[in-house]
Amino acid sequence: MTNSPIVAEVDLWGTGRQVGHLRVPQSRDDSGWGTIQVPIVVVANGTGPTVLLTAGNHGDEYEGQVALLDLARNLRPEEVQGRVILLPAMHYPACEAGKRLSPLDGRDFNRCFPGEPFGGFALSLAHFVDSVLLPICDFQMDLHSGGTGMDILPSAVGHILDHAGMQARTLAMADAFGAPITLLLREVNAGPTLLAAAEKRGVVALSSELGGGGRLNPAALTITKRGVRNVLRHAGVLEGLPEVGEYGQSRRMTVPDLAHYVFAPVDGIWEAAHPLGTTVEAGAPAGLLHRIEDPAAPPIALSYKATGLLWCARFAGRVKAGDPVAVIARDM
């Protein structure tokens, strides 16, 4: 048992299909005993592994939320051997607001792990996920997309790991998900993420990037809906082999370091040189950064520092100094 103040309205060890909430304490001026209700669905039957599927870690990333809502409505206990735990709108206040960060305290929920039991909504929920849910899981997938600021080629994403066995299991799960790209990523500030927390617990874990631009991409949603069921097939919770999409087997790629990123050196308006998905060369122009504060100054030209595929591109026009405007992936 943990010292979490969060109460689950479902029996995590029960069988059948249960729909309820995690009650996260949130005291307000007008409600000292108030709670925020985070939706949770548990579908369990027979014996088998436990798979935790989460979406809405960031509230402006929609493909995962809709895919898990679809799974929550349609997954039947008789299909399952094991247990599936679904959190389709995990960071509920941000999902409700359609924002990346919490409207309660401005926190990025995916930088709150392993959390604190009494640290406020985001830290308390992160602690519950880390200390209650992850220890009973065999597999975990946290569904992401580029949100409002970025657009990203649909990909199943894992971290670059030192443990060869866990790396192989992560890649196998990513291949099973069946996105056009299976990618190993060296990301900015990965340590406090849910993916890193699951890895520390020894759970075979995966993330994703499934579009972006603050919209629900129909093609990416199709990939996501098929992918979450593929993960359940891969785990042995559902019968059958993972389905292969219309683009064939996933292309294995990597972003091995921050040299594959292009960062804006100053604030400005970003004019990209290439559309997402273009193959680019190191040293080639990446785009122009326009500065409105100095109308007479020429725009700042930025170049790629690596050769490969333009895997992630800035979607929002306005950027701040230090923002990535492009990320290059190369074949493994």
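The residues of the chain are indexed from 1 along the displayed sequence.
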Is it the case that one hydrophobic cluster holds both L194 and F121, taking links as side-chain heavy atoms less than 4.5 Å apart, direct or via other members? yes
Would you say V157 and L206 make side-chain contact, with heavy atoms under 4.5 Å? no
Report, as yes or no, whether the 6.0 Å neighbourhood of atom CD on E78 holds more than 12 heavy atoms from other residues, nucleotides or ligands. yes
Can you tell if the side chain of L289 reaches within under 4.5 Å of the side chain of W270, non-hydrogen atoms only? yes
Applying side chain to side chain contact (heavy atoms under 4.5 Å, CB included), run through M150 and R314 and close with a yes or a no. CA-CA 5 Å; M150 306 296 288; R314 179 74 181 178; 4.0 Å; yes
Grab the two heavy atoms, one from R186 and one from L258, that are nearest each other, plus how far apart they are. O-CD2, 4.1 Å
Roughly how far, to the nearest 0.5 Å, is OG1 of T47 from CG of N45? 9.0 Å
Mark yes or no for whether H163, through its side chain, and M166, through its backbone, hold a donor-acceptor pair below 3.5 Å. yes
Hey, are the side chains of L232 and V80 touching, using non-hydrogen atoms and a 4.5 Å cut-off? no
CG on L53 to CE on M141, rounded to 0.5 Å: 8.0 Å
Of all the heavy-atom pairs spanning A321 and D267, show the shortest one and how long it is. N-OD1, 2.7 Å
Measuring from atom CD1 of I328 to atom CG of L310, what distance do you get when rounded to the nearest 0.5 angstrom? 5.0 Å
Would you say I40 and L125 are hydrophobically clustered, going by side-chain heavy atoms of ILVMFWY under 4.5 Å? yes
Quick check against the 3.5 Å criterion: does S124 have a side-chain atom that pairs as donor or acceptor with the backbone of P117? yes
CG/L104 to CG/L101 distance, rounded to the nearest 0.5 angstrom? 11.5 Å
Over all atoms of both residues, closest heavy-atom pair of Q140 and V203: N-CG1, 3.7 Å
Walk me through it: do L210 and N217 pass the test side chain to side chain contact (heavy atoms under 4.5 Å, CB included)? CA-CA 8 Å; L210 297 158; N217 183 303; over 6 Å; no
Got a donor-acceptor contact below 3.5 angstrom from the S102 side chain to the R107 backbone? no
Could you label the plane-to-plane angle of the F113 and F109 rings as parallel, tilted or perpendicular, counting under 30° as parallel and over 60° as perpendicular? perpendicular
Does V132 share a hydrophobic cluster with L22, counting links as ILVMFWY side-chain heavy atoms below 4.5 Å and allowing steps through other members? yes
Shared ILVMFWY cluster between I85 and F139, side chains joined below 4.5 angstrom? no
Following the transitive rule for hydrophobic clusters with a side-chain heavy-atom cut-off under 4.5 Å over Ile, Leu, Val, Met, Phe, Trp and Tyr, establish whether Y62 and L71 coincide in one cluster. no
Is R229 close to K225 at the side-chain level, that is, under 4.5 Å between some pair of heavy atoms? no
Any side-chain heavy-atom pair of L87 and L133 under 4.5 Å: yes
Please tabulate, for the side chains in residues 278-288, all donor-acceptor contacts under 3.5 angstrom to protein atoms that are two or more places apart in sequence or on a different chain.
unit_1 : atom_1 : unit_2 : atom_2 : d
T278   : OG1    : P275   : O      : 2.7
E281   : OE1    : T307   : OG1    : 3.4

Spell out, as yes or no, whether a donor-acceptor pair under 3.5 Å connects the side chain of N74 to the backbone of D70. yes
Looking at N110, T148, D60, D108, which one forms a side-chain hydrogen bond (donor to acceptor under 3.5 Å, both in side chains) with R100? D108
Is the shortest heavy-atom distance from the side chain of V38 to the side chain of H21 under 4.5 Å? no
Going through the distances and angles, do L171 and L184 end up as a side chain to side chain contact (heavy atoms under 4.5 Å, CB included)? CA-CA 8 Å; L171 279 169; L184 294 184; 4.0 Å; yes
Do the non-hydrogen side-chain atoms of L134 and L52 ever get within less than 4.5 Å of each other? yes
Can we say R215 and D151 salt-bridge, meaning some charged N sits less than 4.0 Å from an Asp/Glu carboxylate O? yes
Would the number of heavy atoms belonging to other residues, nucleotides or ligands and lying under 6.0 Å from CG of D331 be above 12? yes
Measure across P154 and A220 and return the closest heavy-atom pair with its distance rounded to 0.1 Å. CG-CB, 4.4 Å
Value rounded to 0.5 Å, distance of NE2 in H144 from NE2 in H58: 6.0 Å
Verify side chain to side chain contact (heavy atoms under 4.5 Å, CB included) between Q167 and I160, making sure each step is shown before the conclusion. CA-CA 7 Å; Q167 188 77 90; I160 298 171; 4.3 Å; yes
A quick test of your reading: do over 12 heavy atoms of other residues, nucleotides or ligands sit less than 6.0 Å from CD of Q37? yes
Mind listing the side-chain donor-acceptor pairs of residues 88-95 below 3.5 Å, one per line with the distance, residues two or more places apart or on another chain?
unit_1 : atom_1 : unit_2 : atom_2 : d
H91    : ND1    : N57    : O      : 3.3

Are the side chains of R83 and I136 in contact, using a 4.5 Å heavy-atom criterion? yes
Whether the side chain of Q18 engages the backbone of D11 through a donor-acceptor N/O pair (distance < 3.5 Å, no angle test) should be reported. yes
Run the numbers on T224 and E63 for side chain to side chain donor-acceptor pair (under 3.5 Å), then give the verdict. CA-CA 7 Å; T224 312; E63 286 79 6; over 6 Å; no
Using a distance-only test with no angle check, is there a side-chain donor-acceptor pair under 3.5 angstrom linking T54 and D142? yes
Smallest separation among heavy atoms of S4 and H127, with atom names: CB-ND1, 4.0 Å
If I compare all heavy atoms of P242 with all of A176, which pair ends up nearest, and what's the gap? CB-O, 3.6 Å
Spacing of M173 atom CE and N230 atom CG [to the nearest 0.5 Å]: 11.0 Å
Taking atom CG of D30 as the centre, does the number of heavy atoms from other residues, nucleotides or ligands within less than 6.0 Å exceed 12? yes
I'd like to know if R17 pairs up with E79 as an ion pair, taking the criterion as any Lys NZ or Arg NE/NH1/NH2 lying under 4.0 Å from an Asp or Glu carboxylate oxygen. no
Main-chain N/O of G178 paired with Y247 side-chain donor or acceptor, under 3.5 Å: yes
